Amino acid sequence: MPATPAPRLRADVSGLPRYVPGRAAPSDRVDKLSSNENPYPPLPSVVAVLREELERVNRYPDPAGRQLVTRLSEALAVPPEHIVPGTGSLGVTRDLLRAAAGEGDEVVFAWRSFEAYPQLTWANGSTSVQVPLRDERHDLEAMADAVTDRTRMIIVCNPNNPTGTAVRRDELERFLDRVPGHVLVVLDEAYREFVDDPGVPDGIDLYRGRPNVAVLRTFSKAYGLARLRVGYAVAHPPVATALRACAVPFGVSGLAQAAARASLEAEPELMERVGTLVSERARITGALRTAGWTVPDSRANFVWLRLGPRSRAFADACEAEGVMVRPFGDEGVRITVGTPEANDRLLKIVGDRHG
Ligand SMILES: *Cc1c(COP(=O)(O)O)cnc(C)c1O
């Protein structure tokens, strides 16, 4: 048989930045504080809706997610045409890139920030422009300075993953005033529900008066539906319309739509859990600081330790004692807030290990 040639791929495919996921937990006895997941299982009311929905999986889902959009539209006081659900906010980010940035166009974001940004930008054929954090925070001045003729999108991750730091209303407004109106600014608010500082703006408020601002939200973190893959964008019509045009038809499954709706119905119960995680975040931060660690103020469901080259060893030591945390290169370690019991185990390991 003649040798079959390999399919032709993009010439730069071998150099692509990869999304490095957190490792799977080696056993159920390990506390997985490495992927920013919600530690609580779905509410019985959500499971009941999912059971019912299982009986219908022979049918395609509503491609527009109309019921979910209607419910969100009421909750956020935003017109339904401005809401576009997608396969997690990651899926929506990819579609936004498709809609806004072409081959060689520039996408500006902070670094270090969410690991998916470089990979999604690359896969879109666009160029990442990474603006270093300053004291673990977005340097919005430098990000505005990084805008060129080729800039099509700027992503502001607020609060930032993995440092947990949040930008404040005045600095974000000053930044938005500086960015040209033809550049799309995406506020990734995956952790919005964990923000307890009134000085951190709600992206939905900022989007209202600004046609070039889009907001991303997700059901993966506070609502505990990470495995179902559902999030959404809030954006003004030209952007929202383009976003719908770029989405994979029927991308958001019926199960995901139903669970998201049920979670909105159960919001008070879910926000109680979020409240617990927020107070646990304060407890962990306080205990770590008392033990001598430097911990930036986090507004998300995780805390960040800048350990530099010690990051990997620190994560390995935690794992040997049954708690998985997430090292990022030679920069630092991100620790997700878990149940109070898991956090106790974490603090037992690291509460007295500073040095
Ligand atoms: C977890 C996370 C998301 C992802 O969410 P999905 O909705 O699960 O795709 C998006 N942005 C940031 C910054 C995240 O940390």
Side-chain angles (χ1 to χ4, degrees), residues 17 19-22 32-39 42 65 68 72 83-98 107-121 123 128 130 133 136-138 143 153-167 185-195 200 203 214-235 243 247-248 251-253 255-257 259-260 263-264 270 274 277 281 298-304 325-326 328 332-338:
Y19 182 85
V20 185
K32 189 160 176 271
L33 304 183
S34 50
S35 293
N36 292 353
E37 293 153 335
N38 192 312
L68 175 59
L72 285 169
I83 300 172
V84 186
T87 54
S89 45
L90 276 167
V92 185
T93 306
R94 188 187 70 162
D95 295 339
L96 275 170
L97 284 162
R98 292 198 169 194
V107 178
V108 176
F109 49 85
W111 200 251
R112 183 170 282 273
S113 188
F114 189 30
E115 273 201 288
Y117 301 151
Q119 183 235 331
L120 292 176
T121 301
S128 287
Q130 304 183 354
L133 297 172
E136 323 293 356
R137 294 168 42 81
H138 275 69
M143 288 174 74
M153 191 190 288
I154 307 178
I155 308 175
V156 178
C157 187
N158 199 33
N160 187 48
N161 177 3
T163 56
T165 52
V167 300
V185 179
V186 176
L187 305 177
D188 184 345
E189 295 190 334
Y191 301 97
R192 173 67 204 169
E193 296 82 0
F194 299 96
V195 173
V200 176
V215 181
L216 294 177
R217 298 271 177 92
T218 179
F219 286 94
S220 296
K221 309 282 161 58
Y223 294 85
L225 300 180
R227 192 172 280 206
L228 282 173
R229 315 305 307 128
V230 53
Y232 58 93
V234 176
L243 194 46
V248 173
V252 186
S253 74
L255 290 163
Q257 292 183 31
S263 299
L264 292 170
L270 290 169
V274 167
L277 295 171
R281 178 183 73 205
S298 170
R299 304 294 170 205
N301 68 340
F302 51 85
V303 296
W304 173 249
V325 299
R326 182 73 186 277
F328 287 91
V333 170
R334 190 190 66 197
I335 305 171
T336 305
V337 177

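Atoms within each ligand, like the ligands themselves, are counted from 1 in listed order. From a predicted model like this one, the values you see are computed outputs, not experimental measurements. Throughout, residue positions are numbered sequentially from 1 according to the sequence presented.
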Tell me whether ligand 1 is touched by Gly231 - counting only heavy atoms on the residue side and a distance under 4.0 Å.
no
Which residue holds the protein heavy atom closest to atom 8 (O) of ligand 1, what is that atom called, and what is the gap in Å?
Ser220 OG, 2.6 Å
Please tell me whether Ser113 and Asn160 have a donor and an acceptor in their side chains that are separated by less than 3.5 angstrom.
yes
Looking at non-hydrogen atoms alone, which of Gly91, Ser89, Pro162, Ala300 comes nearest to atom 10 (C) of ligand 1?
Ser89
Would you check if Gln130 and Tyr117 make a side-chain contact, meaning some heavy-atom pair closer than 4.5 Å?
no
Is any side-chain heavy atom of Tyr191 closer than 4.5 Å to one of Phe302?
yes
With a cut-off of 4.0 Å, which atoms of ligand 1 are near a heavy atom of Cys157?
13 (C)
Minimum non-hydrogen distance to atom 7 (O) of ligand 1, winning option of Asn36, Ile155, Thr218, Asn158:
Thr218
Side chain Arg299, main chain Val200, donor-acceptor under 3.5 Å:
no
Do Ser89 and Glu189 have side chains that approach each other closer than 4.5 Å (heavy atoms only, starting at C-beta)?
no
Side chain to side chain donor-acceptor pair (under 3.5 Å) for Asn36 and Arg334? Distances and angles first, verdict last.
CA-CA 9 Å; Asn36 292 353; Arg334 190 190 66 197; 3.2 Å; yes
For ligand 1, which atoms sit closer than 4.0 Å to a heavy atom of Ala190?
2 (C), 3 (C), 10 (C), 11 (N), 12 (C), 14 (C)
What residue and heavy atom of the protein are closest to atom 11 (N) of ligand 1, and at what distance?
Asp188 OD2, 2.7 Å
Under 4.0 Å from one or more heavy atoms of Arg229, ligand 1 contributes atoms 6 (P), 8 (O), 9 (O)
Distance from atom 1 (C) of ligand 1 to nearest protein heavy atom, with residue and atom:
Lys221 NZ, 1.3 Å
Taking all non-hydrogen atoms of both residues into account, name the closest pair between Cys157 and His138 and its distance.
O-CE1, 3.1 Å
Distance filter under 4.0 Å to Tyr191 heavy atoms, resulting ligand 1 atoms:
1 (C), 14 (C), 15 (O)
